[in-house]
Amino acid sequence: MTEHEESILIAGARENNLKDVSLRIPKNRIVVFTGVSGSGKSSIVFDTVAVESQRQLNETFTWFIRNRLPKYERPSADAIENLAPAVVVDQRPIGGNSRSTVGTMTDIYSVMRVLFSRYGTPSAGESSVYSFNDPQGMCTECDGIGRVVRLDLDKLLDTSKSLNEGAIRFPPFGVGTGQWQIYAQSGLFDPDKPLRDFSKDDWDLLLYGKGFRVPRRSQNGSTGTNTYEGIVERFDRLYIKRDMSGLTERNREVARGVTSEAVCPVCGGARLNGAALASRIGGRNIAELCRMEIGDLIGVLEEIDDPVATPIAASAVTRLRRLEAIGLGYLSLDRETRTVSGGEAQRLKVVRHLGSSLTGMTYIFDEPSVGMHPRDVDRLNALLVQLRDKGNTVLVVEHDPDVIAVADHVIDMGRARGRAAARWCSPEPWPGCAPPTPRRAGACAARRGSRRRSASRRGG
Ligand SMILES: [Zn+2]
């Protein structure tokens, strides 16, 4: 390979605030981009390298698939060459719904499922029956969510008021609505009697009655009948026993005002059905293991001594140790990913990529040290090194000197303010690059030295 093939080449980049920037970014290295806000480091790394890489990758797919992928405009530049597929590892929340957990996101949960299907007693069957996202494994009461939403009567009803006075504090059932009519004008109740004076039979009828029809009076005087349904029955059917995502955001908000969420009474929050939960290893079921802190779970898995189970447990331990090594040992596999912080999210993403066997990728980090404890910055650096040593290019936009210290190469977009080129520290700058400043040149000589040392360590 020539030197140029070992580098990403950018000529005449003009994206956003860039003013004809030309750069050579060495591949298979950790390259940190520094510079004040507005210097163009994000424009180069995210809006030029990442966007063009994604755009070119998308072009390799068929039209049918391409139409389903996000569209990227070609970044403004004269030339961008030698790109590798890029993965942006940012601090955006992982999001996802409540079915996404640390365990599912890192794929460690699927190893746990295999472990239980082979070694749990009694085995519940193949690994999918231990999945709370599979109908074969999920608790049918909560559909594998572990929580149930219940109508909260204390929030819904003001028992000091009568139906005519607006005892039902839920706008879709408010005074004058069709829903209200079913209760207030059905002839079943005294609409002027405060609910607290209702008899037990009245309450049963009001909340749970069903299976008969009641008279209806329309605005225009015509009459007919409505199917009667107690408030709880009706609310459950309209708002709880349906996919809430089908409701408008406003209706969902209103419904949230009169409901409360509780741990599923059937699975106790374990998300799984009885067969999956009956299966145990060392006295614990899969949900109990996933509730443990990762550090403790490692200890339990390491005690497994069985020709079939030990290799599977060891595979889980390898992945769990990566989480522990980056300071996430306090998390549990059942933690929902939508509840983790931005910094935790970024580190989880790194761990997921470390588990991948792809090499030759470009990983792009956006200020990964933000909000991180100094101890964790060291751990982050170790992960960046691991990604590089697996044969990847690691680009980092960062201010933190502790992260900059791990760089093989620093591109300082600093005082140039997007003009001309980044300060360049390679011995042979790509045409158009500014000559190296003495300070940077010195820093890079030191870095090259340290890289040689670490390379020889890796080789040995
Ligand atoms: Zn349940």
Side-chain angles (χ1 to χ4, degrees), residues 93 95-101 132 138-214 216-217 226-271 334-339:
N97 54 29
S98 35
R99 298 191 176 280
S100 168
T101 64
F132 47 80
M138 64 174 61
C139 165
T140 51
E141 177 71 14
C142 61
D143 288 339
I145 299 293
R147 295 183 305 270
V148 287
V149 174
R150 289 276 169 80
L151 176 60
D152 188 331
L153 291 176
D154 290 337
K155 292 178 181 169
L156 180 77
L157 300 175
D158 180 347
T159 57
S160 71
K161 289 184 178 169
S162 68
L163 290 169
N164 278 342
E165 289 169 336
I168 307 175
R169 292 184 292 199
F170 182 54
F173 287 24
V175 175
T177 63
Q179 313 268 13
W180 166 84
Q181 266 192 353
I182 290 174
Y183 306 105
Q185 299 184 347
S186 60
L188 297 173
F189 315 105
D190 176 354
D192 292 315
K193 186 196 265 188
L195 300 191
R196 65 170 168 234
D197 296 333
F198 272 31
S199 69
K200 184 178 178 306
D201 286 350
D202 285 343
W203 274 111
D204 280 350
L205 199 54
L206 179 68
L207 299 182
Y208 305 106
K210 62 175 168 187
F212 56 93
R213 299 182 75 82
V214 290
R216 178 184 64 202
R217 270 177 295 169
N226 279 322
T227 300
Y228 183 84
E229 216 175 4
I231 292 176
V232 172
E233 297 283 327
R234 194 169 196 85
F235 187 91
D236 280 1
R237 180 172 61 79
L238 294 176
Y239 295 96
I240 291 182
K241 289 181 183 157
R242 63 178 283 180
D243 185 3
M244 294 281 274
S245 60
L247 297 173
T248 64
E249 180 51 39
R250 190 180 142 60
N251 274 341
R252 248 180 295 173
E253 197 53 49
V254 169
R256 269 197 284 272
V258 293
T259 54
S260 50
E261 209 176 48
V263 170
C264 172
V266 174
C267 64
R271 296 171 176 250
D334 70 356
R335 175 78 174 269
E336 291 183 15
T337 50
R338 61 177 179 172
T339 69

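Just so you know, residue 1 is the first one in the sequence shown, and it goes up from there.
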Could you pull out the closest heavy-atom pair between Gly268 and Val263, with the gap in Å? C-CG1, 3.4 Å

Roughly how far apart are Ile231 CD1 and Leu157 CG, rounded to 0.5 Å? 5.5 Å

Parallel under 30°, tilted from 30 to 60°, perpendicular over 60°: which one fits the rings of Tyr239 and Phe170? perpendicular

Student check: side-chain heavy atoms of Leu195 and Lys161 closer than 4.5 Å: no

Quick check: do Trp203 and Leu206 have side-chain heavy atoms less than 4.5 Å from each other? yes

Does CZ in Arg150 sit with more than 12 non-hydrogen atoms of other residues, nucleotides or ligands closer than 6.0 Å? no

Could you list the residues that satisfy side chain to side chain contact (heavy atoms under 4.5 Å, CB included) with Ser260, not counting sequence neighbours? Asp152, Lys155

Could you give the distance from SG (Cys264) to CZ (Arg147), rounded to the nearest 0.5 Å? 10.5 Å

In chain order, what residues pass the side-chain hydrogen bond (donor to acceptor under 3.5 Å, both in side chains) check against Arg213, with sequence neighbours excluded? Thr225, Thr227

State which residues pass side chain to side chain contact (heavy atoms under 4.5 Å, CB included) with Glu233; sequence neighbours excluded, sorted by chain then number. Tyr208, Lys210, Glu229

Shortest non-hydrogen contact from Ile182 toward Asn226: CG1-ND2, 3.6 Å

Using the ring centroid of each side chain, check whether Tyr183 and Phe189 are separated by less than 6.0 Å. no

Pairwise side-chain contact, Thr140 with Val266, heavy-atom cut-off 4.5 Å (strictly under): no

How close do Ile145 and Ser98 get, counting heavy atoms only, and between which atoms? CD1-OG, 3.6 Å

Please report the interatomic distance OG1(Thr101) to CZ(Phe132), rounded to the nearest 0.5 Å. 4.0 Å

Apply salt bridge (Lys or Arg N to Asp or Glu O under 4.0 Å) to the pair Arg256 and Glu253, showing each step before the final yes or no. CA-CA 5 Å; Arg256 269 197 284 272; Glu253 197 53 49; 3.0 Å; yes

Side chain of Arg234, backbone of Tyr228: donor and acceptor closer than 3.5 Å? no

Would Ser160 and Asp158 count as having a side-chain donor-acceptor pair, cut-off 3.5 Å? yes

Flag side-chain contact, heavy atom, 4.5 Å: Phe173 against Trp180: no

Is any side-chain heavy atom of Pro194 closer than 4.5 Å to one of Thr159? no

Once rounded to the nearest 0.5 Å, what's the spacing between atom CE of Met138 and atom CZ of Arg271? 10.0 Å

Among all residues two or more places apart in sequence or in another chain, which pass the side-chain hydrogen bond (donor to acceptor under 3.5 Å, both in side chains) test with Asp143? none

Using side-chain heavy atoms (C-beta onward) and a distance below 4.5 Å, is Asp202 in contact with Lys193? yes

Student check: side-chain heavy atoms of Leu188 and Val214 closer than 4.5 Å: yes

What residues form a side-chain hydrogen bond (donor to acceptor under 3.5 Å, both in side chains) with Asp197, not counting sequence neighbours? none

Provide the closest heavy-atom pair for Cys142 versus Cys267 in the form atom of the first, atom of the second, distance. SG-SG, 3.7 Å

At what distance, to the nearest 0.5 angstrom, does OG of Ser199 lie from CG of Leu205? 9.0 Å

Please enumerate all residues that pass side-chain hydrogen bond (donor to acceptor under 3.5 Å, both in side chains) together with Asp190, with sequence neighbours excluded. none

Just do the side chain to side chain contact (heavy atoms under 4.5 Å, CB included) check on Thr259 and Leu156 with the steps written out, would you? CA-CA 8 Å; Thr259 54; Leu156 180 77; over 6 Å; no

Shortest non-hydrogen contact from Glu141 to Pro265? CG-CD, 4.5 Å

Return the CD1 to OG1 distance between Ile168 and Thr177, rounded to the nearest 0.5 Å. 7.5 Å

